[in-house]
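Right, one structure below, let's go through it.
Note that these values count all heavy atoms, side chains included, but never hydrogens, waters or copies made by symmetry. Protein chains get the first letters and strands the later ones, always in sequence-line order, with residue 1 at the start of each.
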Protein chains: 2
Amino acid sequence: MTAGRKRQGAPPEANRRDELLRTAARLFVEKGFDATTTRDIAEAVGMRSGSPFYHFRSKQDLLKAAMIEGLEAGYRRLQAACTGVGDPAQRLRVMIRTHLGNLLESDCHTPMLIYESRSLDATARAEIAAATDRYQAVWQATLDELATLGRLRSSASPLRLLLFGMLNWGGQWYRPDGRLSLDEIAEAAADLLLEGAIARPAGAAAPAGKRETPP
Amino acid sequence: MTAGRKRQGAPPEANRRDELLRTAARLFVEKGFDATTTRDIAEAVGMRSGSPFYHFRSKQDLLKAAMIEGLEAGYRRLQAACTGVGDPAQRLRVMIRTHLGNLLESDCHTPMLIYESRSLDATARAEIAAATDRYQAVWQATLDELATLGRLRSSASPLRLLLFGMLNWGGQWYRPDGRLSLDEIAEAAADLLLEGAIARPAGAAAPAGKRETPP
DNA sequence: AATAAGCAAGCAATCGCTTGTTGGATTATC
DNA sequence: GATAATCCAACAAGCGATTGCTTGCTTATT
């Protein structure tokens with residue numbers, strides 16, 4: 001093959017292990033962990049039914065690896081997108097858009113696997129929790145910054161949780177071929193948070209049209 | 001034969017079908033549809049493993065019945081709570097609180113089963129969709145009313161979807177013994193929507209007070 | 001030669017569900 | 001009012017399929 005990274009020590013990197021990981025993640029997201037059989041995964045990468053167990057000790061291990069890999073990739077994308085953006089309001093907009101991308105438009109929507117956490121045992125769940133905590137800390141920092149600057153009334157935890165709810169729930173209804181693009185959803189969410197949903201009297205900039213066609 | 005069920009206290013008319021339904025819903029919410037076996041359900045109500053199939057044709061049928069029952073009960077609670085509340089802003093507050101109750105505090109959190117929709121076939125899913133559409137229509141009507149009164153900048157669909165995200169995501173983090181009560185969460189969500197998260201300069205006139213009493 | 005990567009076959013457990021049956025309650029018949 | 005017929009709700013047992021995973025062997029590359 002092309003990649004010549006073989007004679008390494010412990011971690012058998014690259015090769016078809018990655019393909020296995022990505023395919024498993026995709027199937028887990030599409031059909032759910034329990035509804036996806038190890039045979040499905042093997043078949044999807046062109047292996048026999050028992051071969052995935054050469055690379056992963058168990059089906060749970062496959063899920064755990066996929067979740068951690070996905071969460072860390074999302075974390076890196078988030079960091080890359082918002083470093084250098086000085087204005088916290090603008091940074092928050094970038095983070096919202098990036099987060100939606102992490103959830104819904106990356107080649108495989110790995111972070112959405114958090115739904116499947118309950119299929120893991122306690123220790124694996126703790127590892128996942130550590131990764132998500134790191135992710136959320138970045139958000140809380142920016143929200144705190146906005147509050148310190150007096151641009152948010154409060155940055156207490158309900159705000160962050162409600163914000164994540166707005167965004168993460170998109171996985172339940174967003175469709176790539178639907179009426180709303182990720183850019184539009186991101187803008188709507190950021191506007192709701194940073195400018196509010198209420199119509200403000202003349203002074204503020206809120207001239208937009210009243211309503212569109214209801215669904 | 002030894003363990004004759006003597007459920008004398010139970011009313012003769014109250015079939016054990018209902019008990020089956022409630023128990024199944026609880027287990028489905030707790031462990032997920034796939035991870036819950038029909039044997040689990042049978043055992044939880046004190047039956048033998050095959051007996052539930054006297055009342056329900058299939059496991060899927062049990063899920064469908066539980067979902068529809070839960071959705072309609074929630075719909076009734078929503079209607080009961082918000083009829084007679086004239087002011088649309090106050091009505092929205094009541095709806096938000098009632099919705100959180102439907103999700104998180106009723107004896108069994110049946111509406112949270114929407115997560116499990118994908119375990120149903122197409123026709124069953126269509127029935128569920130019809131029930132949820134009816135539920136959402138009530139919300140859209142109130143949002144439209146607020147927009148018409150000029151109190152919302154827009155009532156286009158993203159707003160409703162983001163709002164449901166805020167609330168429904170609570171199922172992922174809310175704990176009854178946690179720091180935030182449902183009342184507090186409901187207030188935070190309603191404030192975010194109706195008053196915005198931003199700190200406004202004192203000059204802005206619009207809705208100043210935090211909680212408003214119906215006029 | 002040595003090792004990484006995968007195949008072929010199947011095991012043990014579990015799954016949803018079916019079949020045949022039973023005791024008790026209800027209803028119909030005499 | 002006693003007896004027979006019917007029905008309800010559940011049990012007992014197990015079938016066929018599927019599941020995650022294991023074992024023993026083969027290939028390909030270095």
[X] side chain, from C-beta outward: closest of [options]:
X      : options                   : result
Y54(B) : dC7(C), dC8(D), dG20(D)   : dC8(D)
T38(B) : dA9(D), dT22(D), dG16(C)  : dG16(C)
S51(B) : dC11(D), dC17(C), dA4(C)  : dC11(D)
S49(B) : dC17(C), dA10(D), dG20(D) : dC17(C)
R39(A) : dC15(C), dA9(D), dC21(D)  : dC21(D)
T37(A) : dG20(D), dC21(D), dC15(C) : dG20(D)
M47(B) : dC11(D), dG14(D), dC21(D) : dC11(D)
R48(B) : dG16(C), dC11(D), dC21(D) : dC11(D)

[X] [atom1] to [N] [atom2]: how many Å, rounded?
X      : N       : atom1 : atom2 : answer
F56(B) : dA9(D)  : CZ    : P     : 12 Å
D40(B) : dT14(C) : CG    : P     : 12 Å
K59(B) : dC15(C) : NZ    : P     : 9 Å
E43(B) : dT14(C) : CD    : C1'   : 15 Å
Q60(A) : dG20(D) : CD    : P     : 11 Å
L62(B) : dC15(C) : CG    : C1'   : 15 Å
D34(B) : dT14(C) : CG    : P     : 17 Å
F53(A) : dG24(D) : CZ    : C1'   : 17 Å

Salt bridge present between K64(B) and E69(B) (N-O < 4.0 angstrom):
no
Taking it one step at a time, do D61(A) and S58(A) satisfy side chain to side chain donor-acceptor pair (under 3.5 Å)?
CA-CA 5 Å; D61(A) 217 50; S58(A) 69; 4.8 Å; no
Six-ring centre of F33(A), K59(A) cation under 6.0 angstrom, axis tolerance 45°
yes
Does H55(B) make a side-chain N or O approach to OP1 or OP2 of dC8(D) shorter than 4.0 Å?
no
Show, in sequence, the C-alpha distance, side-chain angles and deciding distance for R125(B) and S117(B), and conclude whether the side chain to side chain donor-acceptor pair (under 3.5 Å) test is met.
CA-CA 6 Å; R125(B) 222 165 20 221; S117(B) 291; over 6 Å; no
Is the number of heavy atoms from other residues, nucleotides or ligands within 6.0 Å of CD (Q79(A)) greater than 12?
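Enclosed.
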